[in-house]
Every structure is written in structure tokens, then in C-alpha cells.
Amino acid sequence: MRRVFLVALLLSGCGRFGGLRPGPTEKGLAVAVAGTDPVLARRAAVESTLGLYLSPAQRAASKDALDALLSRPARFTGKEKAKDGSSVVEVRLGALAGALEEAGLVRPAGFPQGPGRVLIVLAEPAANLSAGYASDSLRRALLARGVSAADASDLLLQRPALRGKTAGEVVAEAFAAGVDFVLFGSAAAEAGAEPESGAWRAEAVLDARLKTSATAEGELIEASAAALDVSSAAAVSKALEGAGDAAAAPVAAALAAARAGRSEVLVEARGYGGPSRMGALIGTLRGLAGVKGAALHAHKTEEGGALVRVFCEGLKADELAARLIRADSSLIVLGVEPENGRLLVELGLGGG
């Protein structure tokens, strides 16, 4: 395995690569790597910057998605030079950050943007590849509450390779693809004739869990409904629709509860930086109690600093500032804006 060197550590011999030198660039970061094969050098350079966005645990959990994303590393690289068995490759950090965000890899579980993306995986009678009655009704009711949801049948139609996989495998694939929540369970109905009227009465029950990750047990969601109609099929469909509609309120409440106390704080870091120092700051942030994730947001601001997104649970900007300076005494807090979720710090020469 080729060793990858972050350019901040390669201060000697930088001139070998002519105009492109290891270090910050306008578009990102020039990285020195061993080897001159262009494809391998590009991928190694991009991989060396992933720590600015993903923790080791996130990288391990997203291995397949990352492999797919990095199969064409040239999308995330710019200038490059190769000489004497080594290469310097410019990684376009903005392009990489955008792709990681779009793939749903940066945000920790339970930190969706807006209402969040919900996938409904409900086993119900005669659903086949079309969405079932309860699922359709639930989606309409959630949409009325400002929540966009998709049915598992949509995912199967978009990704035929998922057909034949177990429901659990479909759920895992959905989270890997960037879904924020999965409602996983079943909806069933039984109908019986009413001797007096000759009509059919059906009762439906929806039993599911709202999951924030493939391994989470999830919040229990239960709903029921009854319907009367001229045929058993019509009564069953109406009862299932009613159960789906009734489930919308507890699902919406569970979505709100899943996000309760979670917020993003934007940390602007000014002063002495460089990849190594910025990596140390991000690592320190990830290690703080109440921090569920941290990722580089912008590598260069107008003031010459960098922005880091910090995903907090039960932690506000002023509390984050206090914990951060206790963890890294070289930092100087220049300003805190709790109402805007912003924190301004100046980097010292130390780290973590």
C-alpha cells in the first residue's frame, strides 16, 4: 500500500514539482503522494483528505459508498505533477465536500437537513412492487405536514439490483444511499361481513419502527383504523388507508423527537492553519462530549480562515466553546454567537 503524505509534513524538496507545491491552493489542497501512476496518485491524494470530512468510524461504515465515489477520482482533482517517483496532486476540496454531502456521508445519523428524507418499508397485503394502501396514505399525510417520504417500491424500481434482497438489506442500502429515516414494519387488515347490513367491515393495524440507522431499534409507531364498505376488498383498502393516515401524526412526532436537541454549530478558525493543524482541530472537536461529528465546510474564507461544521447533541455554541478551549489551550475564542450557532476561534501553533 502506497504511503500517503499530507503536504504540510513535506517541507523539504517541494521545489521538485515546479509551479505546483504541496500546500493550500485556491481550490483546495495540493498533496504529495508516492508513485506516478495518475489514477492511483489522484485517488491516494483524495483519500488523504477524507479525514477532514469523515471520522474513521464513518469511513468504515461507508466503505462501499466511498469506493463508488472514488472510482473516478479525477472529479475531485485539479493540477498535478509527477517527478522522480512522486506526485503532487491538487484536491478540489469544494467538489469533494459537495459529493460527500450529496451522498449523505457527512451528516451523522439523526442530523437531517430540513424535515429529513424518509423511506417507508411496510409489508402489506398485495403490495408487490407497487406501494401499498397504508404506505400511500401515510406519504400523503406526511407531505401535508411538510415531510417528504418515499416508498420502498420506488427504491426497488430505481435500483433493480435490490430486488430479491431481504427487507433488512434494503434498509441498510437505503441508509448507505443517504436516507435519514426508515419506517420499517407492516400493515395488515382483516374483513368480515355484517349480517344485518350485508356490508363488510375491516380493521387494520400498522406496526412499525422509525429507525435512524440500520442498526438502531427505532421508535415504535402504532396506528389502527376501521372501515365499512360494500365489498371486503374495498373495506380492507379503506382501513389500510386509514391506518396509514393515523400513523402520520406519531411519525411526525417521532421525527421531531429524533432531532430534538440536535443542532449544527459553524466554527470559523483563523490564524495559523495548514492541513495538519486543521485536522488536529477537527479531531479535537470530534472527541468532545456532545459532539456527534465534525467536518470541514470551507477551506478558505474571505478572512483567510476555514469553516468547520460541528454536529452537536444537547450542546450550544457557547458550551461548545468552553469545552473546546479546555481541550486545546492553544486556541483563542474571538467570538460566540449562540443565536446564530457560530463560533470564531484563532488557531495557535499547538494542537489538540
Not counting sequence neighbours, list each pair that qualifies as a ring pair (Phe, Tyr, Trp, His ring centres under 6.0 Å) and has a residue in residues 306-328. Phe111-Phe311

Quick note, ring pair (Phe, Tyr, Trp, His ring centres under 6.0 Å) partners involving residues 212-260, not counting sequence neighbours, are none

Linking I/L/V/M/F/W/Y whenever their side-chain heavy atoms sit closer than 4.5 Å, directly or via other members, would [X] and [Y] fall into one cluster?
X      : Y      : result
Leu143 : Val118 : no
Leu96  : Val39  : no
Val333 : Leu288 : yes
Trp200 : Tyr133 : no

Could you tell me if the side chain of [Y] sits less than 4.5 Å from the side chain of [X], heavy atoms only?
X      : Y      : result
Arg277 : Ser330 : yes
Val171 : Leu119 : no
Leu285 : Leu320 : yes
His299 : Leu29  : no
Pro24  : Lys300 : no
Thr284 : Leu324 : yes
Val89  : Val31  : no
Thr36  : Asp84  : no

Smallest separation among heavy atoms of [X] and [Y], with atom names:
X      : Y      : answer
Leu210 : Phe181 : CD1-CB, 4.0 Å
Leu281 : Ala269 : CD2-CB, 3.8 Å
Pro22  : Ala32  : CG-CB, 4.2 Å
Leu142 : Ala149 : CD1-CB, 4.0 Å
Arg139 : Ile120 : CG-CD1, 3.4 Å
Leu122 : Ser186 : CD2-N, 3.7 Å

Say you draw a straight line from [atom1] of [X] to [atom2] of [Y]; how long is it, rounded to the nearest 0.5 Å?
X      : Y      : atom1 : atom2 : answer
Glu222 : Arg209 : CD    : CZ    : 8.5 Å
Glu217 : Lys211 : CD    : NZ    : 8.0 Å
Arg42  : Glu80  : CZ    : CD    : 4.0 Å

Scan for salt bridge (charged side-chain N to carboxylate O under 4.0 Å, His left out) pairs involving residues 317-326, sequence neighbours excluded, and state none if there are none. none

Which pairs with one or both residues in residues 247-258 pass salt bridge (charged side-chain N to carboxylate O under 4.0 Å, His left out), sequence neighbours excluded? none

Residues two or more places apart in sequence or in another chain: which of them pass side chain to side chain contact (heavy atoms under 4.5 Å, CB included) with Ala199? Ser197, Leu228

Those residues at least two apart in sequence (or on a different chain) that pass side chain to side chain contact (heavy atoms under 4.5 Å, CB included) with Ala172 are Ala214

Between Lys292 and Glu313, is the closest basic N to carboxylate O distance under 4.0 Å? yes

Whether over 12 other heavy atoms sit under 6.0 Å from Glu337 CD: yes

Kindly check if the number of other-residue, nucleotide or ligand heavy atoms within 6.0 Å of CD (Glu194) is above 12? yes

Arg309: side chain to side chain donor-acceptor pair (under 3.5 Å) partners, not counting sequence neighbours: Glu101, Glu264

Name the atoms and distances for all side-chain donor-acceptor pairs under 3.5 Å in residues 50-74, with sequence neighbours left out.
{"unit_1": "Tyr53", "atom_1": "OH", "unit_2": "Leu93", "atom_2": "O", "d": "3.3"}
{"unit_1": "Ser55", "atom_1": "OG", "unit_2": "Gln58", "atom_2": "N", "d": "3.2"}
{"unit_1": "Ser55", "atom_1": "OG", "unit_2": "Gln58", "atom_2": "OE1", "d": "3.4"}
{"unit_1": "Gln58", "atom_1": "OE1", "unit_2": "Ser55", "atom_2": "N", "d": "2.8"}
{"unit_1": "Gln58", "atom_1": "NE2", "unit_2": "Val106", "atom_2": "O", "d": "3.2"}
{"unit_1": "Ser62", "atom_1": "OG", "unit_2": "Gln58", "atom_2": "O", "d": "3.0"}
{"unit_1": "Lys63", "atom_1": "NZ", "unit_2": "Asp67", "atom_2": "OD2", "d": "3.1"}
{"unit_1": "Asp67", "atom_1": "OD1", "unit_2": "Arg43", "atom_2": "NH2", "d": "2.9"}
{"unit_1": "Ser71", "atom_1": "OG", "unit_2": "Ala68", "atom_2": "O", "d": "2.8"}

Clusters formed by hydrophobic residues whose side-chain heavy atoms approach within less than 4.5 Å: which one holds Leu266, and what are its other members? Leu307

Taking the hydrophobic residues Ile, Leu, Val, Met, Phe, Trp and Tyr, and joining any pair whose side-chain heavy atoms are under 4.5 Å apart, which ones share a cluster with Leu344? Ile332, Leu334

Please check this pair: side chain of Ser137 against backbone of Ala134, looking for a donor-acceptor N/O pair closer than 3.5 Å. no

Strictly distance-based, threshold 3.5 Å: is any side-chain N or O of Arg92 a donor or acceptor partner for the main-chain N or O of Lys27? no

Could you list the donor-acceptor pairs under 3.5 angstrom formed between side-chain atoms of residues 233-256 and any protein atom two or more places apart in sequence or on another chain?
{"unit_1": "Ser237", "atom_1": "OG", "unit_2": "Ala233", "atom_2": "O", "d": "3.4"}
{"unit_1": "Ser237", "atom_1": "OG", "unit_2": "Ala234", "atom_2": "O", "d": "2.8"}
{"unit_1": "Lys238", "atom_1": "NZ", "unit_2": "Asp229", "atom_2": "OD2", "d": "2.7"}

Pair Leu331, Leu347 - check side-chain contact (heavy atoms from CB on, under 4.5 Å), show working. CA-CA 5 Å; Leu331 290 173; Leu347 298 173; 3.4 Å; yes

Sequence neighbours excluded, which residues qualify as ring-ring contact (aromatic ring centres under 6.0 Å, His included) partners of Phe175? none

